[in-house]
Amino acid sequence: MFRSRVAGVGSFLPEKVITNYDLEKMVETTHDWIVQRTGIERRHMVDENEGCSDMCVRAGNKALADAKMTVDQMDLLIVCTLTPDYKMPAVACIVQAKLGAKNIMSFDLNAACSGFVYGMFVADQFIKTGVYKNVMVIGAENLTRLLNYKDRDTCILFGDGAGCFIMSRAQENDPNYLMTVHAHAEGSLAELLWAKGGGTRYPFSQEMLDTGSHFMQMKGKEIFKNATRTMATACTEALNATNTRPEQIDWIVPHQANLRITEAVANQFDFPMDKIVSTVHETGNTSAASIPIAFDTAYRDGRIKRGQLILLTAFGAGLTSGSALLRF
Ligand SMILES: CC(C)(COP(=O)(O)OP(=O)(O)OC[C@H]1O[C@@H](n2cnc3c(N)ncnc32)[C@H](O)[C@@H]1OP(=O)(O)O)[C@@H](O)C(=O)NCCC(=O)NCCS
């Protein structure tokens with residue numbers, strides 16, 4: 001068995017920004033309410049002529065440059081997303097073509113906001129077993145097109161963006177590697193956060209367009225409780241699997257859903273907030289993209305350094321959850 005390591009990191013945020021003040025003009029809300037309840041101040045929105053695949057390409061190219069690798073060295077491309085360009089084919093195939101990658105296996109993975117941890121888990125299996133050496137894992141979301149800008153419960157929370165890890169086979173003596181990864185789902189709670197219409201179970205209809213059931217819908221309080229519960233459980237799982245104590249960790253990079261959720265998880269471990277990477281004020285919740293965007297932000301501004309011990313944890317619709325512990 002081999003080990004995998006994160007060889008390169010990259011991310012992309014669209015230029016266009018929607019502030020809380022912009023949202024005040026669309027729904028009955030205030031900047032202060034949003035900041036107090038979520039920590040979010042602004043979020044980014046993809047250009048109207050672009051979509052999920054374009055953000056993937058930008059993040060992917062940055063990660064390749066960071067890894068000092070070229071796209072033809074990639075053996076597998078996984079795009080973790082719930083907002084692909086099209087119903088079919090997979091956006092990963094579109095990205096493969098736009099990146100100019102060779103004829104490699106390319107697929108989408110939908111585990112909602114836990115998608116990136118799921119993607120790392122899958123990539124790790126291919127690398128561990130020796131099937132592939134270099135895997136591009138992208139988390140990318142175009143959530144602003146899944147939101148109802150008349151529903152203040154959801155439209156204040158989410159934004160667009162993409163992030164990427166190049167995961168590669170580690171040398172035998174490399175101290176930096178992915179130590180453990182965990183993933184779960186509680187499907188019986190799926191209706192707490194979903195977009196019911198527009199799939200094959202409830203195909204598009206005039207009634208759907210009139211009622212807006214194709215947009216994301218959420219029971220916020222229930223989601224909040226489940227998020228803190230499952231992220232804390234997933235963190236404990238990663239710590240126990242590696243005999244690691246919380247104080248040994250350099251950074252926690254959690255899914256960026258809401259600052260209050262992050263604080264609740266930190267409290268459970270008595271973990272200081274200044275060792276938790278938070279970009280939620282700038283990005284809102286970018287679902288599967290949020291962990292690699294936050295990671296890349298802290299890496300490029302010098303907080304995250306090579307050799308550090310880093311815990312990732314996520315929670316999302318499904319209800320999915322997961323964690324990963326890596327020596328970066
Ligand atoms: C959505 C969320 C911020 C709401 O915060 P909350 O403290 O639970 O707020 P409540 O739903 O109890 O609403 C409190 C009041 O604010 C109002 N309110 C709701 N949304 C509002 C908004 N955008 N602006 C202003 N007021 C709002 C409610 O109507 C309610 O008013 P009432 O007391 O008169 O009934 C919070 O539940 C949350 O973060 N949940 C998790 C969401 C999430 O992270 N989802 C993605 C997971 S991957």
Side-chain angles (χ1 to χ4, degrees), residues 18-43 80-83 110-119 139-144 146-161 163 183-187 189-195 215-235 253-267 276 278-281 283-294 312-323:
I18 307 179
T19 65
N20 293 345
Y21 299 106
D22 295 326
L23 291 171
E24 283 183 0
K25 295 175 201 142
M26 300 180 210
V27 289
E28 211 183 316
T29 192
T30 62
H31 169 79
D32 290 347
W33 191 95
I34 299 172
V35 172
Q36 208 177 52
R37 292 298 213 286
T38 70
I40 300 168
E41 293 173 23
R42 64 193 81 85
R43 67 289 289 143
C80 313
T81 187
L82 60 91
T83 50
N110 179 352
C113 302
S114 308
F116 199 75
V117 172
Y118 269 60
E141 300 288 7
N142 189 353
L143 289 159
T144 58
L146 189 66
L147 294 174
N148 180 355
Y149 282 94
K150 290 180 180 150
D151 174 13
R152 68 179 183 174
D153 292 346
T154 52
C155 77
I156 59 159
L157 296 175
F158 299 90
D160 299 334
H184 301 282
E186 292 173 281
L189 300 172
E191 292 178 19
L192 295 180
L193 178 54
W194 66 340
F215 291 123
M216 185 195 300
Q217 288 145 61
M218 181 185 71
K219 297 212 166 57
K221 270 198 196 312
E222 291 305 309
I223 288 292
F224 192 102
K225 274 187 266 174
N226 282 291
T228 49
R229 174 181 62 84
T230 56
M231 289 213 290
T233 305
C235 287
V253 185
H255 166 48
Q256 308 287 313
N258 178 325
L259 193 59
R260 280 164 58 218
I261 294 177
T262 306
E263 283 167 351
V265 174
N267 281 341
I276 295 196
S278 177
T279 51
V280 77
H281 61 286
T283 60
N285 181 342
T286 56
S287 187
S290 89
I291 287 179
I293 290 173
L312 315 179
T313 181
F315 162 85
L319 297 180
T320 56
S321 60
S323 61

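These values consider heavy atoms only, across backbone and side chains, with no hydrogens, waters or symmetry-generated copies. Both counts, for ligands and for their atoms, begin at 1 and track the order of listing.
Annotation: T29 places an N or O atom under 3.5 Å from an N or O atom of ligand 1; distance criterion only. Distances between N or O atoms of R152 and those of ligand 1 include at least one value under 3.5 Å.
With hydrogens left out, the protein atom closest to atom 42 (C) of ligand 1 is M218 SD, 3.6 Å, a heavy atom. Here the heavy atom of the protein found nearest to atom 20 (N) of ligand 1 is W33 CH2, 3.4 Å. Looking at atom 7 (O) of ligand 1, its nearest protein heavy atom turns out to be R37 NE, 2.8 Å. Atom 47 (C) of ligand 1 has its closest protein heavy atom at I223 CG2, 3.6 Å. Of all protein heavy atoms, the one lying nearest to atom 41 (C) of ligand 1 is G220 O, 3.5 Å. Regarding atom 8 (O) of ligand 1, its nearest protein heavy-atom neighbour is K221 NZ, 3.2 Å.
For the pair Y149/I18, a side-chain contact is recorded, criterion being any heavy-atom separation below 4.5 Å from C-beta on. At a threshold of 4.5 Å between non-hydrogen side-chain atoms, the residues L147 and M216 count as touching. Side chains of L259 and V35 form no contact here, defined as non-hydrogen atoms less than 4.5 Å apart. V280 is not listed as a side-chain neighbour of N258, based on a closest heavy-atom distance of 4.5 Å or more. Counting heavy atoms from C-beta outward, L82 and L143 have side chains that approach closer than 4.5 Å. Looking only at side-chain heavy atoms (C-beta outward), I291 and V117 come within less than 4.5 Å of each other. Contact of the Y118 side chain with the T320 side chain is registered, since non-hydrogen atoms from C-beta on lie closer than 4.5 Å.
Near T38, with a cut-off below 4.0 Å to any heavy atom, the atoms of ligand 1 are 3 (C). Interface of N258 with ligand 1, defined as ligand atoms under 4.0 Å from a residue heavy atom, comprises 38 (C), 39 (O). Ligand 1 places these atoms under 4.0 Å from at least one heavy atom of I156: 23 (N). Within the listing of ligand 1, atoms 48 (S) sit less than 4.0 angstrom from a heavy atom of C113. If you number the atoms of ligand 1 from 1 as listed, the ones under 4.0 Å from a heavy atom of E28 come out as 24 (N), 25 (C). Near N285, with a cut-off below 4.0 Å to any heavy atom, the atoms of ligand 1 are 46 (C), 48 (S). Close approach to I261 involves these atoms of ligand 1, each under 4.0 Å from a residue heavy atom: 44 (O). The ligand atoms of ligand 1 that sit less than 4.0 angstrom from a heavy atom of A257 are 44 (O).
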Could you go through the side-chain hydrogen bond (donor to acceptor under 3.5 Å, both in side chains) check for E141 and T286 one step at a time? CA-CA 6 Å; E141 300 288 7; T286 56; over 6 Å; no
Go through the steps for S321 and H184 under the test side-chain hydrogen bond (donor to acceptor under 3.5 Å, both in side chains), then give the verdict. CA-CA 5 Å; S321 60; H184 301 282; 5.6 Å; no
In a table with atom names and distances, give each donor-acceptor pair under 3.5 Å that connects a side chain of residues 224-232 to protein atoms at least two apart or in another chain.
from : atom 1 : to   : atom 2 : distance (Å)
K225 : NZ     : E222 : OE2    : 3.2
N226 : OD1    : R229 : NE     : 3.4
N226 : OD1    : R229 : NH2    : 2.7
N226 : ND2    : E222 : O      : 2.9
T228 : OG1    : F224 : O      : 3.3
T228 : OG1    : K225 : O      : 2.9
R229 : NH2    : E186 : OE1    : 3.0
R229 : NH2    : E186 : OE2    : 3.4
T230 : OG1    : N226 : O      : 2.8

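Atom 34 (O) of ligand 1 lies below 4.0 Å from none of the non-hydrogen atoms of the protein. When distances from atom 28 (C) of ligand 1 to the protein are checked, a heavy atom turns up under 4.0 Å. Distance check for atom 2 (C) of ligand 1: every protein heavy atom is found at 4.0 Å or beyond.
A195 meets the side-chain contact (heavy atoms from CB on, under 4.5 Å) test with L146; sequence neighbours excluded.
Considering D22, N20, T144, D160 in turn, N20 is the only one that fulfils the side-chain hydrogen bond (donor to acceptor under 3.5 Å, both in side chains) rule with R43.
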